[in-house]
Amino acid sequence: MSSRRLAVYTDYAYTIREGEVYAERAFALFMMAVLAHAAEGTVIGRLRPSGGQARYRLGDGVSFVALPYYADGSRASSLVRAFAISFRRLWRSLDSVDTAWILGPHGLAIPFALLVLARRRRLRLGVRQDLRAYARSRHPRRRIVHRLADILEWVYRMLARRYPVVVVGEGLRESYSRGRAVLATSVSLVADADIVSLTPALEREWGDRLIVLSVGRLDAEKNPLLLIDIIGALVRADSRWQLTICGEGPLEAALAERVVERRLDEHVQIRGYVPFAELREVYRTSHVFMHVSLTEGLPQVLFEAFAAGLPVVATEVGGVRAAADGAAMLVAANRVPEAVSAITCLQRSPRQRAELVAAGIRVARAHTLEREAVRVATFLLDGDG
């Protein structure tokens, strides 16, 4: 592996606790696995002045460049102030960097990318989802946000025609097909050792309790309220069904209200954020994984469900079909009857469950954390330009 010094920038917030830097999102685990292949690693991101969740500690030997905190990245005024304060700090941080991986597109990713070029450092881009679809789902009535998202997406695609880009999923590979060099990856957090063997996965009992599991941010684009409609229909047909929801976000209160309105308190458990280390056991004690997003790049939760030996039902959006690779039952987005029918089919057909579980384990083994981190690190550090 190359000895180049690598920096990674994402629009994430970090927290310092007892002198250690922590990330709030599990994607930091993937970043750390990539940085492990560089001689020196640097993480760049917003530092919360107080509060925040200290969930994933950045590894030893990794430097952290703290940028000003802002709460709302959709407001241009916040981004302008943040960049004005960040400029000198970023300029100095690039003294010890050879290659910068800038994940976007969003308001600060583009000026940061231009700053990298001004310092004559190697620029690599990263894209995790279609910003245009995300903006329209998150802010359906803010047309100015939609237009800004369109502009940012266009600028990022123009940059990608000259500088290599890592994209998450085959759907984004097509969007960036005119790029100079494009690597489609799967952001998997599943280590080789985390993948269950087929026999115990098939021996999972479908008895007195049948648990549907959903994991993800409780945001509009993730469509979590639909889960309550789905479990309601399942319970009306069979009272053994239960729903476990793991995740946090702005729709958490609305989700809880809908549970009460539908009188499903005894059938729905909203667990909030569950750290990845604990989440593995939740997967392994469930029966079906349900993914209901309206827009996706490539959901890492699919690989987590596959690795746990869970049959998966997922909406066919973004890069989901390519990621599932025949290992999931795909349904149209926002269609309760289709989702209920698919889950019921899995309940009644052990053979179909077994086929999906076996296919899922094969997909998980092909996209482990170790494999994907090596692919991305090699692309970032050893490529030309």
Side-chain angles (χ1 to χ4, degrees), residues 5-73 78-79 81-97 99-103 106 108-109 112 126 128 187-191 193-194 215-219 246-250 252 270-283 300-301 304 369-370 372-373 376-377:
R5 300 167 297 175
L6 175 65
V8 181
Y9 167 73
T10 62
D11 186 37
Y12 287 169
Y14 297 82
T15 300
I16 293 180
R17 183 165 297 177
E18 298 179 356
E20 301 283 358
V21 182
Y22 289 83
E24 294 182 359
R25 300 193 186 185
F27 180 71
L29 299 175
F30 187 77
M31 288 195 311
M32 298 309 300
V34 172
L35 289 170
H37 295 281
E40 297 179 25
T42 301
V43 173
I44 304 171
R46 292 177 288 151
L47 177 63
R48 286 187 183 275
S50 61
Q53 298 294 326
R55 291 169 175 156
Y56 303 99
R57 187 177 72 86
L58 300 190
D60 296 332
V62 173
S63 302
F64 176 66
V65 177
L67 303 182
Y69 180 75
Y70 54 87
D72 188 354
S78 299
L79 298 178
R81 285 195 299 269
F83 182 72
I85 300 172
S86 302
F87 181 85
R88 286 187 180 181
R89 199 171 299 173
L90 284 166
W91 185 273
R92 290 195 301 268
S93 71
L94 292 173
D95 289 343
S96 57
V97 170
T99 301
W101 186 26
I102 309 296
L103 282 85
H106 57 79
L108 291 183
F112 286 178
R128 295 189 63 191
V187 178
S188 173
L189 304 182
V190 176
D194 294 332
V215 179
R217 287 277 301 167
L218 303 181
D219 289 324
C246 298
E248 62 183 0
E252 188 167 354
I270 303 173
R271 294 192 53 173
Y273 187 88
V274 179
F276 186 65
E278 300 174 21
L279 195 55
R280 286 192 289 263
E281 185 61 22
V282 181
Y283 279 110
Q300 66 194 38
V301 291
E304 296 165 13
L369 173 63
E370 294 89 348
E372 296 301 323
V376 172

Contacts of Thr99 meeting side-chain hydrogen bond (donor to acceptor under 3.5 Å, both in side chains) (sequence neighbours excluded), chain-then-number -> Arg122
Sequence neighbours excluded, the answer for salt bridge (charged side-chain N to carboxylate O under 4.0 Å, His left out) partners of Glu248 is Arg55
So salt bridge (Lys or Arg N to Asp or Glu O under 4.0 Å) across residues 82-91, not counting sequence neighbours, yields none
Residue set satisfying side chain to side chain contact (heavy atoms under 4.5 Å, CB included) with Ala36, at least two apart, ordered chain then number -> none
Applying side chain to side chain contact (heavy atoms under 4.5 Å, CB included) to Tyr69 and not counting sequence neighbours gives Ala13, Arg46, Arg48, Pro49, Ala71
Contacts of Asp219 meeting salt bridge (charged side-chain N to carboxylate O under 4.0 Å, His left out) (sequence neighbours excluded), chain-then-number -> Arg138, Arg217
Side-chain donor-acceptor distances from residues 56-65 under 3.5 Å, at least two apart:
{"from": "Tyr56", "atom 1": "OH", "to": "Tyr273", "atom 2": "OH", "distance (Å)": "2.4"}
{"from": "Tyr56", "atom 1": "OH", "to": "Phe276", "atom 2": "N", "distance (Å)": "3.2"}
{"from": "Arg57", "atom 1": "NH1", "to": "Glu20", "atom 2": "OE1", "distance (Å)": "3.4"}
{"from": "Arg57", "atom 1": "NH1", "to": "Asp60", "atom 2": "OD1", "distance (Å)": "2.9"}

For a 4.5 angstrom cut-off between non-hydrogen side-chain atoms, does Ser93 reach Thr42? no
Residues at least two apart in sequence or cross-chain that pass side chain to side chain contact (heavy atoms under 4.5 Å, CB included) with Glu18, listed by chain then number, are none
One should read off an interatomic distance between Gln300 CD and Leu189 CG, to the nearest 0.5 angstrom, of 4.0 Å
>> Measuring only between side-chain heavy atoms, which start at C-beta, is Leu6 closer than 4.5 Å to Val34?
In response: yes
Sorted by chain and residue number, the side chain to side chain contact (heavy atoms under 4.5 Å, CB included) partners of Leu369 (sequence neighbours excluded) come out as Phe30, Ala33
The side-chain hydrogen bond (donor to acceptor under 3.5 Å, both in side chains) partners of Glu304 (sequence neighbours excluded) come to Tyr283
